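Sharing a structure here in structure tokens format.
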There are 2 protein chains.
Amino acid sequence: MNPTIDLLNAHRSIRKFTATPIDQATVDTLVKAGQAAATSSFIQACTVIQVSSGERRDALAEMAGNQKYVASAPVFLVFCADMKRHQLACDMHDAEMQTGFTEQFLTASLDCALFAQNVMIAAESLGLGGVYIGGLRNQIAAVSELLELPELVYPVFGLCLGHPDQNPETKPRLPLEVVLKQDRYDDSQDAEHIAAYDKNVREYYRTRTGGNKEMSWSEQISGMLVKEARPHMLPFLHKQGFIKR
Amino acid sequence: MNPTIDLLNAHRSIRKFTATPIDQATVDTLVKAGQAAATSSFIQACTVIQVSSGERRDALAEMAGNQKYVASAPVFLVFCADMKRHQLACDMHDAEMQTGFTEQFLTASLDCALFAQNVMIAAESLGLGGVYIGGLRNQIAAVSELLELPELVYPVFGLCLGHPDQNPETKPRLPLEVVLKQDRYDDSQDAEHIAAYDKNVREYYRTRTGGNKEMSWSEQISGMLVKEARPHMLPFLHKQGFIKR
């Protein structure tokens, strides 16, 4: 269609990087591109922590479930939803900030995702690759303590960036019919489409792993969703001042 | 830097569109580019509802707080966080899905934002413009009813798209020093940087409105945050099966 859309469609997570470093001017460029994304009511609620300290990197890699590339990637960024700077803005005008609304948690989290996706795309446009690290939420309290996050701030996810040292295929996505609906929510045909898609995903894993893994999308999802999903999240977020009402 | 990064940096919300329509093949291309974004643990939890019915558009425009462009934009998309298809996947394997975790609400919402930002960028790369409509959450229960959203689905935000019929300036963002931190959260210099930024924002509004509006960032934020933020969100999300634990 055009080079930008081709770039978006070519996305795949990169978890193996060459030793080539990324200079700070490039990181600054990427973060500025992130800032250019839309922000809900101009709140600009995303703070990026660039973690360069080897010790902190090692700790984060372990906290994320031993994801070694968190330690070894040339650049590692943590995207934090941040309502603390709004507290500061309120203090500057002797205004009493109302906190704890679920809506604020949502808009700050969405701001981070819009911002981060711009960073990812900007990086990919420079020939870099990356992977989001949701695993930081495995031990979110420990991660927050390590990064010295105050109340009204929480780490949404991390992002590893570097020069790709692997070239994985793109992963097949759900059929458009499942994902794009007209005028109203109608999932009456979804089971059929998902069954067809399951075959594609199974084939994707089969060819990619030389036959060692064969798993459909619905199998993978159902295996995951019978388990608890980070049940510590809500108590942690309450403690940070989020989702209290 | 390069055309893609220039495109990201040139983003501004477009709220006025020419009458030129966008054909369905283009909408499909944009949504497919959205699907190519990263998705947390492959959950693919974003469903897009393209609203073309004039009646539904009028109703949504009013629900969003009388934002006329919701009715008049050539294309209007609603991005829904959708865990219902995961229920389907679990049913296909006689697996009992665990629902209600805050983590699931978060990952599904983030999936939508990553997806939507790809749609926005793909659209802009084609010379289109758009604006996110968080205002759909003003009357989120009515919006959900109109779109016939079942349990485990909720509308995160809308997106108006079309050919720009206005050419607003980009809006100045917070200084990089506020947004990008090194190794740990340190906001000791933020008040100073925000005070300098406040002057830029005030000047931006002054020149843009011919002197009719002069407001700094911290003033705008503090004025907004002394009020309640959509207090109906948490009870609504509970009803849809989200953030129950």
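Values in this document were obtained by computation on a predicted structure and should not be read as measured data. Order of the sequence lines sets the chain letters (A, B, ...), proteins ahead of strands, with each chain counted from 1.
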Notebook entry, point to check: By a 4.5 Å heavy-atom criterion (distance strictly below it), what part of B:Ser216 contacts chain A: side chain, backbone, both, or neither?
Noted result: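 For B:Ser216, the side chain is the part near chain A, not the backbone.
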
Checklist line | Derivation and outcome, side-chain contact (heavy atoms from CB on, under 4.5 Å), residues B:Glu228 and A:Phe101 | finding: CA-CA 8 Å; B:Glu228 291 193 313; A:Phe101 287 106; 3.7 Å; yes

Next item on the list: Let me know if B:Gln87 has heavy atoms under 4.5 Å from chain A in its side chain, its backbone, both or neither.
Entry: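 Looking at B:Gln87, nothing touches chain A.
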
Next item on the list: Among the options B:Val156, B:Val178, B:Ile243, pick out the one with the most heavy-atom pairs lying under 4.5 Å from chain A.
Entry: B:Val178

Notebook entry, point to check: Using non-hydrogen atoms only, which part of B:Tyr132 is less than 4.5 Å away from chain A: side chain, backbone, both, or neither?
Noted result: side chain

Margin query: Is A:Glu177 close to chain B through its backbone or its side chain, or both, or neither, when contacts mean heavy atoms under 4.5 Å?
Written below: neither

Item checked: Where A:Leu176 and B:Asp28 come nearest, the two heavy atoms and their spacing -> CD2-CG, 3.6 Å

Check: Considering only heavy atoms, which portion of A:Met1 lies under 4.5 Å from any heavy atom of chain B: side chain, backbone, both, or neither?
Finding: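 Side chain only.
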
Item checked: Part of A:Phe76 lying under 4.5 Å from any heavy atom of chain B -> neither

Notebook entry, point to check: How far apart are the closest heavy atoms of B:Arg56 and A:Arg184, and which atoms are they?
Noted result: NH1-CB, 3.5 Å

Margin query: With rounding to the nearest 0.5 angstrom, report the NE2 to CD1 distance, A:His93 to B:Ile221.
Written below: 10.0 Å

Check: Can you name the nearest heavy-atom pair linking A:Ser41 to B:Gln220, along with the distance?
Finding: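 That closest heavy-atom pairing would be O-NE2, 4.5 Å.
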
Check: Of all heavy-atom pairs between B:Glu103 and A:Ala229, which one has the smallest distance, and what is that distance?
Finding: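 Residues B:Glu103 and A:Ala229, closest heavy atoms: CB-O, 3.4 Å.
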
Check: So does A:Glu55 have more than 12 non-hydrogen atoms from other groups sitting under 6.0 Å from CD?
Finding: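 Not more than 12 within 6.0 Å, no.
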
Notebook entry, point to check: Just how far is it from atom CD of B:Glu148 to atom CG of A:Asp187, taken to the nearest 0.5 Å?
Noted result: 11.5 Å

Notebook entry, point to check: By a 4.5 Å heavy-atom criterion (distance strictly below it), what part of A:Leu126 contacts chain B: side chain, backbone, both, or neither?
Noted result: both

Next item on the list: Under 4.5 Å heavy-atom distance to chain A, tell me which part of B:Thr170 shows up: side chain, backbone, both or neither.
Entry: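 Interface part for B:Thr170: neither.
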
Notebook entry, point to check: Could you give the distance from NE2 (B:His86) to CG (A:Leu225), rounded to the nearest 0.5 Å?
Noted result: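 Answer rounded to 0.5 Å: 6.5 Å.
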
Notebook entry, point to check: Non-hydrogen atoms of chain B under 4.5 Å away: do they reach the side chain of A:Thr47, the backbone, both or neither?
Noted result: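 The answer is both parts of A:Thr47.
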
Next item on the list: Would you check if the side chain of A:Gln44 reaches a backbone N or O of B:Arg173 as a donor-acceptor pair within less than 3.5 Å?
Entry: no

Next item on the list: Quick one: pull up CG in A:Asp190 and CG in B:Asp82 and give me the separation to the nearest 0.5 Å.
Entry: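 Answer for the CG-CG pair, A:Asp190 versus B:Asp82, is 8.0 Å.
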
Check: Going from CG on B:Leu88 to CD1 on A:Ile194, what distance comes out if it is rounded to the nearest 0.5 angstrom?
Finding: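 Atom-to-atom, B:Leu88:CG and A:Ile194:CD1 are 4.5 Å apart.
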
Check: Under 3.5 Å, is there a donor-acceptor pair linking the side chains of B:Ser125 and A:Asn2?
Finding: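 Side chains of B:Ser125 and A:Asn2: pair found under 3.5 Å.
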
Next item on the list: Would you indicate whether B:Gln24, at its atom CD, is surrounded by more than 12 heavy atoms from other residues, nucleotides or ligands within a distance under 6.0 Å?
Entry: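 Yes, because the 6.0 Å sphere around CD of B:Gln24 holds more than 12 heavy atoms from other groups.
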
Note to self: Quick check for you: to the nearest 0.5 Å, what is the distance between B:Thr102 atom OG1 and A:Phe236 atom CZ?
What the structure shows: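 CZ of A:Phe236 is found 12.5 Å from OG1 of B:Thr102.
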
Check: Relative to chain A, which segment of B:Lys227 carries a heavy atom at a distance below 4.5 Å: side chain, backbone, both, or neither?
Finding: backbone

Item checked: Region of B:Leu7 in contact with chain A, defined by heavy-atom distances below 4.5 Å -> side chain

Notebook entry, point to check: Non-hydrogen atoms of chain B under 4.5 Å away: do they reach the side chain of A:Pro155, the backbone, both or neither?
Noted result: neither

